[in-house]
Amino acid sequence: MVLFIICFLTAFLACSIGTICGMGGGIIIKPVLDATGVMSVSAITFMSGCTVIAMTCWSVGKTMVKKESVIDLKNTTYLAIGAAVGGLLGKQLYNMVAKLFTNADTAGGVQAFLLLIATLATFIYTINKNKITAKKITSPAIAIIIGLFLGILGSFLGIGGGPFNVAVLYYFFSMNTKTATQNSLYIVLFSQVTSTLKTACFDTIPAFNEFALIGMIIFGIAGSELGRQINRKIDDKQATYLFEGAMLLIMCINIYNVIKFFN
């Protein structure tokens, strides 16, 4: 029962925050469940990935059906294609790193450390972004390369996407926070689908609790809908504050996880 409460509540809150801030939900689900130690790192990564696919499908699909989408399909699709390929490479990279350790769960410590660094760098950029001149990339080739990097990073860390997606959209494509949020979720959807399909088709699916996964997906979609409704009602400045607050939370959780896995 405790397992289900932790998983369902984490999925709901993570996907609410993830939809508001464009980070997906895995960036919170993964480190929170790692911190609780309720299951193996590999099982958490797989279940987090499935939950993120469901919540991003719901959020992206709903905004398109409701004609509320501000996704730049021309440029962001190239990013998403790159992220899809990167998702495959990142998953392979993680499997290689996990095999380096006698205890595969130690790879979770590596993930936590790299996620901490990536989030810290993104946080520093975000609070200083008004002082930095943004670019306006239009080259499909460059967009695909940027997407490849995002896909590798998100898949290796087991989170699908993250605040660095939003920061990249800020800097390279001159998007504001709310526009970057929707476009980031579109990218996360592509990278997470390819990464999870690779696990399902070519790797060994880790042992997991089926009921917990179904519940996480249901609560993740519910959280995504709540986040979508909140995002519609807040302005860009408020969205930025929430984004920065979410990054601080993520950094605190990952500091705990680094200490836990390497202690």
Any donor-acceptor pair under 3.5 Å from [X] side chain to [Y] backbone:
X: K129; Y: Y171; value: no
X: N183; Y: V70; value: yes
X: S69; Y: M64; value: no
X: T196; Y: V193; value: no
X: K178; Y: I234; value: yes
X: S174; Y: K135; value: yes
X: Q182; Y: E68; value: yes
X: S184; Y: A180; value: no
X: T36; Y: L33; value: yes
X: T119; Y: L115; value: yes

Centroid-centroid under 6.0 Å between F8 and F12 rings: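 No.
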Quick check: closest heavy atoms across [X] and [Y], and the distance to 0.1 Å?
X: Y170; Y: T240; value: OH-OG1, 4.3 Å
X: T19; Y: N231; value: O-ND2, 4.5 Å
X: I29; Y: C15; value: CD1-SG, 4.3 Å
X: L79; Y: A143; value: CD2-O, 3.2 Å
X: S224; Y: S59; value: OG-CB, 3.3 Å
X: A11; Y: T51; value: CB-CG2, 4.3 Å

With the side chain counted from C-beta on, respond yes when [X] and [Y] share a heavy-atom pair under 4.5 Å apart, and no when they do not.
X: V110; Y: F156; answer: yes
X: N209; Y: F4; answer: yes
X: F149; Y: V168; answer: no

Is a donor from one side chain sitting under 3.5 angstrom from an acceptor on the other, for S139 and Y78?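 S139 vs Y78: no donor-acceptor pair found between side chains.
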How long is the span from the [atom1] atom in [X] to the [atom2] atom in [Y], to the nearest 0.5 Å?
X: T181; Y: D236; atom1: OG1; atom2: CG; answer: 8.0 Å
X: I28; Y: C21; atom1: CD1; atom2: SG; answer: 7.5 Å
X: Y186; Y: T77; atom1: OH; atom2: OG1; answer: 3.0 Å
X: T76; Y: I71; atom1: OG1; atom2: CD1; answer: 7.5 Å

Determine whether I137 and N75 satisfy the following criterion, side chain to side chain contact (heavy atoms under 4.5 Å, CB included), listing intermediate values before the conclusion. CA-CA 8 Å; I137 299 297; N75 288 313; over 6 Å; no
